[in-house]
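Some notes on the structure that comes next.
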Amino acid sequence: MTTIASRPYSEAIAQRLKSEGIHPVLARIFAARGIQSSAELNMELGALLPPSGLKGIQEAAVFLADCIAAGKRMTVIADYDCDGATACAVAIRGLRMFGAQMTYIVPNRFEYGYGLTPEIVELAIQTHAPDVLITVDNGIASVDGAKTARDKGLSVLITDHHLPGDTLPDANVIVNPNQPDCGFDSKSLAGVGVMFYVLLALRAELRQRGKFDQRSQPRLDTLLDLVALGTVADVVSLDSNNRVLVSQGLKRIRQGQFCPGVAALFRVAGRDFPQATPFDMGFALGPRLNAAGRLADMSLGIECLLTDSMERAWEIAQMLNSMNAERKQIEQDMQEVALIQLELYGSDAQHAIVAFDENWHQGVIGILASRLKDKFYRPVIAFAPGDAGLLKGSGRSIPGFHMRDALDLVSKRYPDLISKFGGHAMAAGLTIAQDDLPRFAKAFETVAQEWLQKEDLQKVVATDGALSADAFSLDFVYLMDQYVWGQSFPPPTFSGEFRVIQQRVLKERHLKLVLEREDGTRYDGIWFGHNTYVPDVAHVAFRLDINEYNGTTRLQLLVEHIEE
């Protein structure tokens, strides 16, 4: 069951924001998201937290500067998702600006699995003969891989943002805002954000060494399109620091200042870059890049972001687009199987869902888990077959249930049950033996029952309350679009009573509506993914949107939920 509720906010803070020049409706929206003053809405680059707050970053800057001066060969060990791909592209493009000799390897998820493994170290040595390995968006759990690299005489720099385990790898330097004793105020930096910060620190170090001055130094802001894309696509919390990074990246994209690969992805997705939004990055560009890592090899996605040829970028973007279409079909087939399973065995009595089918695709289980989580509002882990009798799992969670900590607890209670795991509060991955699936499902369900009450499993659509008549306008939508919205800083959602004047189902998938307010004003509305009719009078949770069709621009309501 889903209910609609209004977000609480401080009227005093809303009044303060209004007195500082913020629109009255936006003032209460920002107050509900924890904004205390208009200064927190400053999205200029100068508002970024200084790199010096990151533990290990000065050591990383000195380490890289020394490696560049010595002409050492560096290989980036990337990850096979959008954050990993953009972080790799930022590392390669950025370090080459400073004269570094760069190559990269991205593990094929089906052959090598995740991170800096001993096998990846051997592959790097065979293919690139590096002196230095640099991880991006991985490495904090790579204890064995780092040891193998050091034993082979390689230096290792780890840049990551994932939560560390009990033992840190033996690297030359580690930069990760979530490592012990790191006081950096933004724990939500994506992997690409961490790498960008390392480049900022390196540039300052090289400037201090007299390699260039403020005027002649490399322009790292040219990388912000990639930083914004990876940050949004990884669904990290958009705290004020991440909002600056995304806002500045969007600003450059809207001005047409982006790499050929990002330009090609906008084009192939049919999105208009002068009106680029975080939604485009999270739901249009990100999935197309991720499709390469899910179905084939993310090196194709990284090449798209690294090439300076518009022709080659467009060629790759079309390949990624085809892969994404294939991924959608695979996902649809998997979802149908999962829904039949859950119908047969029931899901309402469970606090968590563990699903498996021997035909599921290892690269798509994360999306499947996310879809099931949205539908049933429970923590979900979906498994697919791996090698040698193992299962690969991907988990997605709901607020109040820390996925990685839950797996950690299961692992502590049953030390032989999980081969390896890692991740965040809302997403994690793991490997178990196929024969242990029933035992794991029972252990995971036990943790869910201990941590979650029945009321935690009731989805609440949080809104910003009623919207005044004058705010039902295109101008107000344009005003909202000046700000960055996303994970943990959700786009404004409103609620109100409407008469349903018309309703029809489009393509058997979406509900098209005409909604009428008390004053008789009517608006077009659409409820995506909902194909059943609603009552004639309804309480509607909605977002304001602009619909451009046949040269006409009109306000429309994007329906989030409807109650009688």
Side-chain angles (χ1 to χ4, degrees), residues 45 48-49 51 54 57 60 64 76-97 102 104-106 114-116 134-140 157-162 174-178 184 186-203 219-239 241-253 258-259 261-262 265 276 278 280-282 285-290 292-293 298-299 301-306 423-424 427 484 486-487:
L45 275 175
L48 276 179
L49 293 168
L54 270 167
I57 198 156
L64 288 171
V76 174
I77 309 298
D79 185 24
Y80 39 67
D81 67 358
C82 187
D83 185 20
T86 53
C88 181
V90 164
I92 298 284
R93 285 184 173 276
L95 288 168
R96 281 178 180 166
M97 289 182 193
M102 301 302 303
Y104 73 90
I105 285 181
V106 56
Y114 170 78
L116 179 67
I134 302 171
T135 71
V136 292
D137 192 32
N138 73 90
I140 198 65
L157 165 61
I158 288 174
T159 74
D160 200 355
H161 69 126
H162 293 94
I174 297 175
V175 183
N176 180 339
N178 290 300
F184 195 63
S186 176
K187 300 296 184 184
S188 300
L189 273 180
V192 68
V194 175
M195 190 62 229
F196 183 71
Y197 261 84
V198 169
L199 293 175
L200 290 175
L202 172 60
R203 185 175 66 177
R219 292 282 306 274
L220 294 178
D221 59 338
T222 59
L223 303 172
L224 284 168
D225 57 328
L226 297 169
V227 177
L229 173 55
T231 299
V232 172
D234 212 44
V235 204
V236 292
S237 174
L238 289 189
D239 58 18
N241 205 58
N242 278 338
R243 292 201 305 278
V244 172
L245 292 172
V246 173
S247 179
Q248 288 296 316
L250 277 174
K251 182 179 176 182
R252 291 188 61 84
I253 289 169
F258 44 18
C259 69
V262 172
L265 288 168
D280 295 327
M281 294 177 170
L285 277 66
R288 284 167 171 81
L289 267 179
N290 277 330
M298 185 47 101
S299 56
I302 293 172
E303 187 187 345
C304 184
L305 301 179
L306 283 177
H424 301 287
V484 168
Q487 184 71 14

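This chain uses plain numbering: 1 for the first residue, then up along the sequence.
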Exercise. Is there a donor in the side chain of Asp137 and an acceptor in the side chain of His161, or the other way round, less than 3.5 Å apart?
Worked result: yes

Seminar exercise, completed: Partner of Leu224 under side-chain contact (heavy atoms from CB on, under 4.5 Å), picked from Ile253, Thr231, Leu245, is Leu245

Exercise. Counting N and O atoms only, with roles assigned by atom type, does the side chain of Asp225 sit under 3.5 Å from a partner on the main chain of Cys259, one being a donor and the other an acceptor?
Worked result: yes

Exercise. If you look at every heavy atom in Pro51 and Tyr197, which pair is closest and at what distance?
Worked result: CA-CD2, 3.6 Å

Exercise. If every non-hydrogen atom of Ala91 is compared with every non-hydrogen atom of Val76, which pair is closest and at what distance?
Worked result: CB-CG2, 4.0 Å

Exercise. Are Arg252 and Asp221 close enough, and set up right, to give a side-chain contact (heavy atoms from CB on, under 4.5 Å), and what steps lead you there?
Worked result: CA-CA 9 Å; Arg252 291 188 61 84; Asp221 59 338; 3.5 Å; yes

For this session: Return yes if some donor-acceptor pair links the side-chain N/O of Asn138 with the main-chain N/O of Ile77 below 3.5 Å, else return no.
Result: yes

Exercise. Between Lys187 and Asp239, which heavy-atom pair has the shortest distance, and what is it?
Worked result: N-OD2, 4.5 Å

Seminar exercise, completed: Of all heavy-atom pairs linking Leu226 and Ala89, the shortest is CD1-CB, 4.0 Å

Problem set entry | Closest non-hydrogen atom pair, Cys82 against Leu229 | SG-CG, 4.0 Å

For this session: Step by step, work out the side-chain contact (heavy atoms from CB on, under 4.5 Å) result for Leu54 and Leu189.
Result: CA-CA 11 Å; Leu54 270 167; Leu189 273 180; 4.3 Å; yes

Exercise. Is the backbone of Ala233 close enough, under 3.5 Å, to the side chain of Asp83 for a donor and an acceptor to pair up by distance?
Worked result: no

For this session: Tell me, with the steps shown, if Val192 and Asp234 meet side-chain contact (heavy atoms from CB on, under 4.5 Å).
Result: CA-CA 9 Å; Val192 68; Asp234 212 44; over 6 Å; no

For this session: Would you mind reporting whether Arg93 and Leu305 have side-chain heavy atoms less than 4.5 Å apart?
Result: no

Exercise. Taking all atoms of both residues into account, what is the closest heavy-atom pair of Leu199 and Gly94, and its distance?
Worked result: CD1-CA, 3.8 Å

